[in-house]
Amino acid sequence: MTNGKQHHPNGSCPVYKKCGGCQLQNLSYPEQLRLKQSKVVKLLKGFGRVQPIIGMENPYHYRNKVQAAFYTDRRGKIISGVYQSGSHHVVGVDSCQIEDALADRIIVAVRKLLPSFHLTTYNEDTRRGFLRHVLVKRGFATGEVMLVLVTGTPVFPSKNNFVKAIRAQFPQITTVVQNVNPYRTNLVLGDRETVLYGKGTIEDVLCGCRFRISPRSFYQINPVQTEVLYNKAMEFAALQGSETVIDTYCGIGTIGIVAAKRGAGRVVGVELNPDAVRDAIQNAKANGLNNIRFFQGDAGDFMQDAADEGEQIDVVLMDPPRAGSTPAFMDALLRMAPQTVVYISCNPETLARDLRYLTERSRYRVRQIQPVDMFPHTQHIECVVQLTR
Ligand code: SAH
């Protein structure tokens with residue numbers, strides 16, 4: 001299927017079943033949206049009316065971050081693609097309907113270059129060999145492209161010539177990083193990095209703000225819908241110009257920085273990942289903001305300290321990972337009693353659990369529920385919720 005409009009059960013993508021990434025590909029896009037809407041309604045209807053989900057105009061090639069695992073089969077052929085769902089067998093994928101097409105082409109080109117440089121792929125069983133994964137991140141607004149070569153071993157013979165060769169084919173690549181991951185792990189990235197070319201980071205623009213992105217820091221993978229999501233979050237935060245705002249689970253500071261630009265009096269961000277915090281601090285500077293500060297640490301600990309100190313907070317923005325928030329975080333939130341809480345969630349199940357926790361213990365009520373389709377063709381659902389006292 002190339003026109004990307006029609007879908008036939010299991011038919012539109014050759015690796016639909018084996019990949020398992022696009023669980024809803026057998027449904028048309030409007031059907032997918034209806035399914036997601038009904039799922040959110042089922043989980044959250046007890047809290048209030050669910051606004052109609054905001055879908056994408058063009059729900060293809062929206063992913064700005066693409067990664068591929070590398071593997072050599074018994075006949076010596078190098079394969080790049082995804083792990084077959086539930087296994088460690090790599091399924092070859094050269095192009096994907098939801099991934100950025102340039103990123104896909106770069107990954108194929110890296111694969112084709114390997115033999116001429118006598119570079120091997122890493123074998124997880126023998127723990128020998130070289131290339132393990134390739135990760136490409138692209139700033140859709142800036143055009144900047146980061147290529148990350150994840151290797152099982154640190155020695156990279158003729159790395160300068162390799163970088164030259166890939167850049168000759170793709171001048172769009174603005175930085176190349178080697179990440180070394182020698183561990184027995186499901187995580188793609190290890191903890192050692194060497195910049196082989198360029199700055200080691202890329203930039204993107206969202207909601208008029210500029211953001212620096214590192215190989216390991218979290219950045220929303222669908223920038224078109226991220227703007228829709230953040231605009232809703234700002235509408236729900238209803239900033240007047242003097243509020244003190246906490247942006248928790250803030251990643252590289254995106255939401256807090258947008259809030260600071262859009263009239264918050266003072267913003268404090270908290271995030272666990274040190275690379276992301278470094279990016280966030282840099283991002284605040286690059287956007288000319290001096291009313292925002294970032295802290296590295298557990299969001300629950302941070303909230304407890306802030307509540308103990310009796311800090312006056314007007315708005316809490318929270319955007320936890322799939323596992324949702326914690327009782328420690330939410331107890332502190334209730335003690336702090338901000339006027340408004342904006343909860344951004346990528347998992348409606350933990351969202352429902354946390355909303356129940358908050359509303360059963362306080363006079364907070366859910367005022368608005370807005371699903372946004374950040375991940376077309378997949379089962380994932382994003383929501384933004386406003387609570388006020
Ligand atoms: N708000 C950001 C990031 C959301 S993703 C954005 O929109 O881009 C969730 C973030 O929570 C990730 O950056 C992750 O590193 C961070 N995180 C996970 N557990 C955490 C914890 N216990 N305390 C603080 N941050 C945490």
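All figures in this text were calculated on a predicted structure; none of them were measured in a lab. First listed ligand is number 1; within each ligand, the first listed atom is number 1.
Comparing Y230, F302, F218 by heavy-atom distance to atom 5 (S) of ligand 1, the nearest is F218.
Nearest to atom 23 (N) of ligand 1 among the protein's heavy atoms is A299 N, 2.8 Å. With hydrogens left out, the protein atom closest to atom 16 (C) of ligand 1 is E271 OE1, 3.2 Å, a heavy atom. At the shortest separation from atom 11 (O) of ligand 1 among protein heavy atoms lies Y249 CB, 3.5 Å. The protein non-hydrogen atom at the shortest distance from atom 22 (N) of ligand 1 is D298 OD1, 2.7 Å. The single protein non-hydrogen atom nearest to atom 18 (C) of ligand 1 is P321 CG, 3.5 Å, given as residue, atom name and distance. The nearest protein atom to atom 9 (C) of ligand 1, hydrogens excluded, is given as D319 O, 3.4 Å; this is a heavy-atom distance. Counting protein heavy atoms only, atom 25 (N) of ligand 1 is closest to L272 N, 3.2 Å.
Atoms CD and CD, on E243 and Q312 in that order, are 13.0 Å from each other to the nearest 0.5 Å. To the nearest 0.5 Å, atoms SG (C96) and NE2 (H61) are separated by 7.5 Å.
The two residues A299 and T248 come nearest to each other via the heavy atoms CB-CB, 4.4 Å.
Residue contacts with ligand 1: Y219 is excluded, as none of its non-hydrogen atoms falls under 4.0 Å. At least one heavy atom of C250 sits closer than 4.0 Å to an atom of ligand 1. The shortest heavy-atom distance from G297 to ligand 1 is under 4.0 Å. Residue contacts with ligand 1 do not include V270, since none of its heavy atoms lies under 4.0 Å from the ligand.
Ring pair Y83/H88 is parallel by interplanar angle, where below 30° counts as parallel and above 60° as perpendicular.
The residue F295 has no part lying near ligand 1, judged by heavy-atom distances below 4.0 Å.
Of all atoms in ligand 1, listed by their number and element, those nearer than 4.0 Å to a heavy atom of Q220 are 6 (C), 7 (O), 8 (O). Residue T254 has at least one heavy-atom neighbour below 4.0 Å for each of these atoms of ligand 1: 6 (C), 7 (O), 8 (O). The atoms of ligand 1 that sit less than 4.0 Å from any heavy atom of G251 are 2 (C), 3 (C), 13 (O).
Within 6.0 Å of CZ in R266 there are 12 or fewer heavy atoms belonging to other residues, nucleotides or ligands.
Aromatic ring centres of F70 and F130: separated by at least 6.0 Å. The six-membered or imidazole ring of Y60 lies near that of H377, with a centre-to-centre distance under 6.0 Å.
Using a 4.5 Å heavy-atom threshold, the side chains of D308 and R335 count as touching. Looking only at side-chain heavy atoms (C-beta outward), R365 and T388 stay at 4.5 Å or farther from each other.
Partner of C207 under the side chain to side chain contact (heavy atoms under 4.5 Å, CB included) criterion, out of K261, R262, M234: R262 alone.
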